[in-house]
Amino acid sequence: MSQVNRLATGGRIDRAKPMSFTFNGKTYQGFDGDTLASAMLANGVGIVGRSFKYSRARGILGHGAEEPNALMQLHKGNATVPNPRATQVELFDGLTATSTNGWPNAEFDIMQWVGIIGGKLMPPGFYYKTFMAPQKMWMTYEKFIRKAAGFGKLSLEPDPDTYDKLNVHCDVMVVGAGPAGLAAALEAGRSGKRVIIVDEQNEFGGTLLGSKQTVDGVDAAAWAEQATSELAGMANVTAMPRTTAFGYYDHNFLCALERRTDHIGPVALAGTRQRVHRIRAHQVVLATGAIERPLVFGNNDLPGIMLANSVSTYINRYAVVPGQRCVVMTTNDSGYQTALDIQSAGRTVVAVVDSRHAPDGRLVEAAKVAGIQVMAGHGVIEAQGGKKVTGAIVAPLDEAGDKVTGAGKTLSCDLIAVAGGWSPVVHLSCHTGSRPVWQEDVAGFVPGPTIQNQHLAGAVAGEYRLSQALNAGIQAGATAAGTECAQVFNCGDESEGAAQALYLVPHTKPISRAPKQFVDFQNDVTAAGIELAAREGFQSIEHVKRYTAMGFGTDQGKTGNVNGMAIVAKALNKSIAETGTTIFRPAYTPVTFGAIGGRDIGVLLDPARHTAMHPWHVANGAEFENVGQWKRPWYFPQAGETMQQTLNRECLAVRNSVGMLDASTLGKIDIQGKDAREFLNRVYTNAWTKLAPGKCRYGLMLKEDGMIFDDGVTACLSDHHFLMTTTSGGAAAVLAWLELWHQTEWPELDVYFTSVTDQWATCSFAGPNSRKVLEKLCTDVDLSAEAMKFMDYREGTVAGIKSRIFRISFTGELSFEVNVPADQGHYMWQKLMEAGEEFGITPYGTESMHVLRAEKGFIIAGQDTDGSMTPYDCLMGWAVGKTKTFSFLGERSFTRPDTARADRKQLVGLKPKDPTVVIPEGSQIVMDPNQPIPMDMMGHVTSSYWSECLGHGIAMGTVKGGLARMGETVYCPLADGRVLAAEICSPVFYDPKGDHYND
């Protein structure tokens with residue numbers, strides 16, 4: 001098939017490299033440098049898909065990320081990709097694409113009759129109003145509704161490609177490589193700063209690549225090539241085309257998706273297909289540009305109605321003219337450039353229809369000189385056609401553009417280019433929490449104030465003229481780099497007429513009766529639907545968005561949001577500034593799940609984590625258990641031992657001499673900042689204001705409801721520096737909890753958190769001889785009971801390694817923990833084992849640790865607590881501060897009547913009546929042995945072990961009102977018919993006075 005709309009010369013395509021592709025089963029030809037969209041337009045393809053709700057025929061509207069209609073299904077089988085925009089798909093030989101909507105095809109879609117017949121009967125909220133009653137029928141309706149909805153389809157086969165991530169730092173990050181971005185990157189790069197510049201297109205230049213303007217006398221495209229070449233020659237600059245900055249987060253952290261092989265073929269033959277760059281920048285320059293707004297009028301969604309700037313781009317960059325006879329409808333001077341471009345391409349400009357009554361400026365004059373008919377004070381009020389546009393009804397408008405003032409006439413055409421003004425691309429700035437600000441002279445929202453080190457340049461700040469963008473860019477680059485710049489660009493574009501803000505072209509009929517006037521093309525949101533939402537009481541723009549679906553979908557309202565907000569504002573009799581805008585969230589454009597996952601899939605999705613001492617444990621026969629992601633030694637059996645025999649030996653070694661545990665997996669969070677103490681006061685129940693450097697304290701952490709969340713020992717390393725330990729499985733959750741409260745509730749506190757669990761290896765050894773073992777390896781710290789008391793911390797040298805030494809205990813015995821850098825952990829473990837050999841030092845695992853701590857009545861958060869236990873339920877009221885000036889998390893919950901009930905489940909000890917019995921963990925507790933597990937059961941067993949030291953079984957459990965039931969007998973019915981009796985007692989079975997760990 002010939003390329004009917006392709007010009008014989010011009011453009012940035014390589015005619016020496018023809019490429020074949022298929023669309024909806026038909027084969028077409030394009031050239032290297034084409035996008036799928038430009039190639040389809042070149043071949044005269046009009047309908048590229050069907051709309052979401054009404055199944056209306058849709059053609060290509062734009063040329064970039066703003067495109068709402070041309071969603072494709074690329075490739076086949078496991079390589080298929082759903083929903084990329086044809087405007088952003090680079091053409092390669094053999095590319096296969098199909099429409100994502102339309103059955104049996106996009107040209108003839110059975111569902112179009114639903115739109116034709118039911119168009120007037122499917123307003124916003126249609127599904128909720130129609131199909132939710134009777135409710136029992138919803139599951140039937142849902143099957144058909146879901147089958148008719150949606151766009152692309154995912155493959156159920158494994159993805160053949162790989163993806164990865166890269167962490168990057170820079171001094172200046174420039175987002176966007178149009179005129180402003182190139183100027184900013186050049187200035188920052190020339191200063192010697194480390195610069196990263198990204199742009200979503202395949203080559204830098206943006207609007208310069210399709211512009212007829214000049215920069216200081218140089219052709220705009222040539223200037224862009226020179227700037228790109230200069231950047232490529234700078235060693236301190238990283239230039240990344242085909243890379244979209246899709247998220248902008250706190251502290252100038254950005255994520256950018258690099259499409260490395262998408263333009264080559266359906267599957268990457270080598271390397272990764274896509275890469276996510278996680279960039280931390282000192283300064284950020286946003287040069288993200290602006291998107292042209294379509295005009296809202298009757299049937300404005302017909303194939304052949306396109307953004308004027310996009311028409312110019314297809315002509316100048318791709319040598320494609322999308323039509324033969326064109327009507328340009330504009331509210332500003334930019335539409336005249338499109339008319340001139342169409343005429344220069346040898347096609348007919350039927351008329352420029354300008355809503356302004358007295359347009360002026362250099363482009364207006366140039367169009368008149370070229371003999372192009374200008375219909376000032378008019379508007380296209382309705383498009384005519386079916387599967388493509390065939391005409392435009394043009395009528396005179398009043399000066400405000402609110403009313404039709406005369407009879408309309410029809411202009412025959414096959415292309416309507418619309419220029420309704422520009423919307424700055426504020427999306428990334430919104431990601432940081434900055435709310436956009438309406439700027440009347442720009443007729444658009446611009447980024448609002450921010451606390452980021454962020455600078456704006458070009459159209460994103462409403463600086464639309466080329467000279468404005470270049471000069472703003474070079475100034476932003478200089479400011480970000482900390483330099484000064486006196487260069488001024490001259491592009492000869494100073495003479496431009498004032499634009500008119502026109503968001504809805506009036507019709508001779510009321511909105512509700514006029515032909516459909518589309519605002520959001522992808523979601524079939526019309527002006528009538530938005531007005532209906534306002535009449536039904538939706539006043540918040542966010543509510544209107546959710547009720548009508550305006551701004552949903554893959555384009556996120558890039559073309560329609562401002563028009564929609566203006567229509568809402570008018571319906572509510574408010575200004576656009578008062579109505580406000582929806583806030584955009586990441587991602588700016590869709591990101592594949594593969595890129596988000598990167599290499600962290602399959603076995604790497606949940607990797608096994610090993611401590612530094614893991615090889616020693618394996619060599620010495622350890623059996624392992626999974627704790628979170630960690631492989632922890634469970635117990636160390638010797639030849640012929642049962643598990644219980646091993647536990648007995650390990651526990652007795654700790655009680656009688658010395659045993660050693662690998663405690664490296666304990667969560668470790670480094671906390672620094674002048675407000676670190678205050679923060680700890682707020683997240684822990686007990687007080688931290690007076691904890692001196694060199695001291696440790698047990699901390700109890702609650703959720704907002706007052707229930708125990710986690711616990712651990714925190715050491716004061718210096719006045720503004722603490723090391724918090726958490727349970728092994730709770731480390732990530734605790735860090736997230738701390739960050740949540742700091743970032744959302746107390747951002748004024750100067751405090752920083754860093755996970756250092758992997759950075760430190762921990763050898764914990766306990767028993768009467770533990771001090772003697774350490775004294776053999778550490779001579780620069782006084783380890784005597786008088787000098788280093790229980791809960792003290794010291795820094796010293798152990799076995800020649802600078803170490804952190806803690807005297808803390810989870811066993812109830814004299815105990816020390818030695819922390820060393822992880823790469824020294826294996827060595828330290830071996831040296832301690834050698835030093836303890838004369839004392840019969842015994843490695844022990846997590847199961848023995850559980851027995852030892854249970855003998856002392858120490859809880860494990862998540863085992864002895866279940867999200868319903870307060871500190872008072874666990875006999876830990878001693879850990880709750882009573883005189884804090886600032887409430888700690890969960891404190892207010894203690895005033896609730898429920899937390900003060902006497903019959904709450906409380907933690908108690910359970911001593912089996914038969915000393916040889918070990919009650920199974922999880923057993924239910926009842927008061928009547930003849931009533932098996934009633935609905936109002938008294939509680940359950942949380943921990944239960946055989947204690948070789950005590951010579952009988954021990955257990956802990958929750959019992960309603962248990963603290964007042966000491967000495968009573970309870971029963972545990974088992975599935976095998978046995979009923980085990982136990983006496984309620986103190987959970988501290990061993991050394992109740994704590995004499996041993998105070999030795």
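Since this is a predicted model, take the numbers as computed values, not measurements.
Side-chain N or O atoms of R347 include one that pairs as donor or acceptor with a backbone N or O of A345 at under 3.5 Å. For D34 (side chain) and G30 (main-chain N/O), no donor-acceptor pair under 3.5 Å exists by modelled atom type. Q556 places a side-chain N or O within donor-acceptor distance of the main-chain N or O of G553, the cut-off being under 3.5 Å. When atom types are taken as modelled, the side chain of S99 and the backbone of N101 share no donor-acceptor pair closer than 3.5 angstrom. Judged by distance alone, with hydrogens and angles left aside, the side-chain atoms of E531 form no donor-acceptor pair with the main-chain N or O of A571 at under 3.5 Å. Checked by atom type and distance alone, the side chain of N43 pairs as donor or acceptor with a backbone atom of A39 at under 3.5 Å. Judged by distance alone, the side chain of N309 and the main-chain N or O of E292 form no donor-acceptor pair under 3.5 Å. The closest donor-acceptor contact from the side chain of T348 to the backbone of V350 lies at 3.5 Å or more, if one exists at all. For the pair T214 (side chain) and D216 (backbone), a donor-acceptor distance under 3.5 Å is absent. At least one donor-acceptor pair closer than 3.5 Å links the side chain of E67 to the backbone N or O of G62.
With a 4.5 Å cut-off on side-chain heavy atoms, D555 and T559 count as touching. Taking the side chain as every heavy atom from C-beta outward, L397 and K403 never approach each other to under 4.5 Å. Side-chain contact check for M329 versus P294: every heavy-atom pair is 4.5 Å or farther apart. With a 4.5 Å cut-off on side-chain heavy atoms, W223 and F489 count as touching. L74 is not listed as a side-chain neighbour of T96, based on a closest heavy-atom distance of 4.5 Å or more. Using a 4.5 Å cut-off on side-chain heavy atoms (C-beta onward), D354 and M375 make no contact. The side-chain heavy atoms of F52 and V525, taken from C-beta on, include no pair separated by under 4.5 Å. Between W422 and I291, every side-chain heavy-atom pair lies at or beyond the 4.5 Å cut-off.
In this structure, CG on L91 lies 7.0 Å from OG on S38, to the nearest 0.5 angstrom. For the atom pair I393 CD1 and T410 OG1, the distance stands at 4.5 Å (nearest 0.5 Å). To the nearest 0.5 Å, atoms CG (L36) and CG (L95) are separated by 6.0 Å. Between the CG atom in D301 and the CD atom in Q517 there is a gap of 11.0 Å [rounded to 0.5 Å]. Between the NZ atom of K53 and the CG atom of D520 there is a distance of 11.0 Å, given to the nearest 0.5 Å. To the nearest 0.5 Å, atom CD1 of residue I13 and atom OH of residue Y318 are 10.5 Å apart.
Side-chain atoms of T338 and S312 include a donor-acceptor pair closer than 3.5 Å. Side chain to side chain, E203 and T228 fail the donor-acceptor criterion of an N or O pair below 3.5 Å. A donor-acceptor contact closer than 3.5 angstrom links the side chains of S467 and R465. In the model, Q500 has a side-chain atom that pairs as donor or acceptor with a side-chain atom of S355 under 3.5 Å. A donor-acceptor contact under 3.5 angstrom links the side chains of D441 and Q439, judged on distance only.
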Query raised in the report: Passes side-chain contact (heavy atoms from CB on, under 4.5 Å), N5 versus Q324? Steps please.
Result: CA-CA 8 Å; N5 290 330; Q324 304 299 313; 3.4 Å; yes
Requested in this report: Evaluate side-chain contact (heavy atoms from CB on, under 4.5 Å) for L340 paired with I372, printing each intermediate quantity in order.
Outcome: CA-CA 8 Å; L340 292 168; I372 296 173; 4.2 Å; yes
Query - Criterion side-chain contact (heavy atoms from CB on, under 4.5 Å) on T331 and L295, from CA distance to verdict - result: CA-CA 9 Å; T331 63; L295 285 160; 3.9 Å; yes
Report task. Tell me, with the steps shown, if N316 and D341 meet side-chain contact (heavy atoms from CB on, under 4.5 Å). Result -> CA-CA 8 Å; N316 297 321; D341 290 338; 3.2 Å; yes
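Closest heavy-atom contact between A569 and T579: CB-OG1, 3.1 Å. In this structure, R15 and A8 approach most closely via the heavy-atom pair NE-O, 3.3 Å. The shortest non-hydrogen separation linking A86 to M40 is CB-CE, 3.7 Å. Listed here is the closest heavy atom pair of V380 and V505: O-CG1, 3.4 Å. Of all non-hydrogen atoms in P424 and V442, the two that sit nearest each other are CG-CG1, 4.3 Å. Listed here is the closest heavy atom pair of N332 and A499: CB-CB, 3.6 Å.
Ion pairing of R12 with E225 is present here, as a side-chain N (NZ or NE/NH1/NH2) and a carboxylate O approach within less than 4.0 Å. K570 has a carboxylate O that lies under 4.0 Å from a charged side-chain N of D402, or vice versa, which qualifies the two as a salt bridge.
Cation-pi geometry between R293 and Y503 is not met at under 6.0 angstrom from the ring centre and within 45 degrees of the axis. Annotation: cation-pi pair K17/F31 absent, no NZ/CZ under 6.0 Å from the ring centroid and within 45° of its normal.
Classified by interplanar angle (parallel below 30°, tilted 30° to 60°, perpendicular above 60°), the ring pair F445/W438 is perpendicular. Between F521 and F518, the ring-plane angle classifies as parallel under the 30° and 60° cut-offs.
Checked against side-chain hydrogen bond (donor to acceptor under 3.5 Å, both in side chains), E90 has the following partners two or more places apart in sequence or in another chain: R242. In this structure, the ring pair (Phe, Tyr, Trp, His ring centres under 6.0 Å) partners of H427, at least two apart in sequence or on a different chain, are F584, Y588.
No option in H63, R317, Q88 other than R317 meets the side chain to side chain donor-acceptor pair (under 3.5 Å) test with Q201. Of the candidates V568, I530, T548, V519 forms a side chain to side chain contact (heavy atoms under 4.5 Å, CB included) with just one, namely I530. For the pairing with D524, the salt bridge (Lys or Arg N to Asp or Glu O under 4.0 Å) check across R58, R50, R56 returns one residue only, R58.
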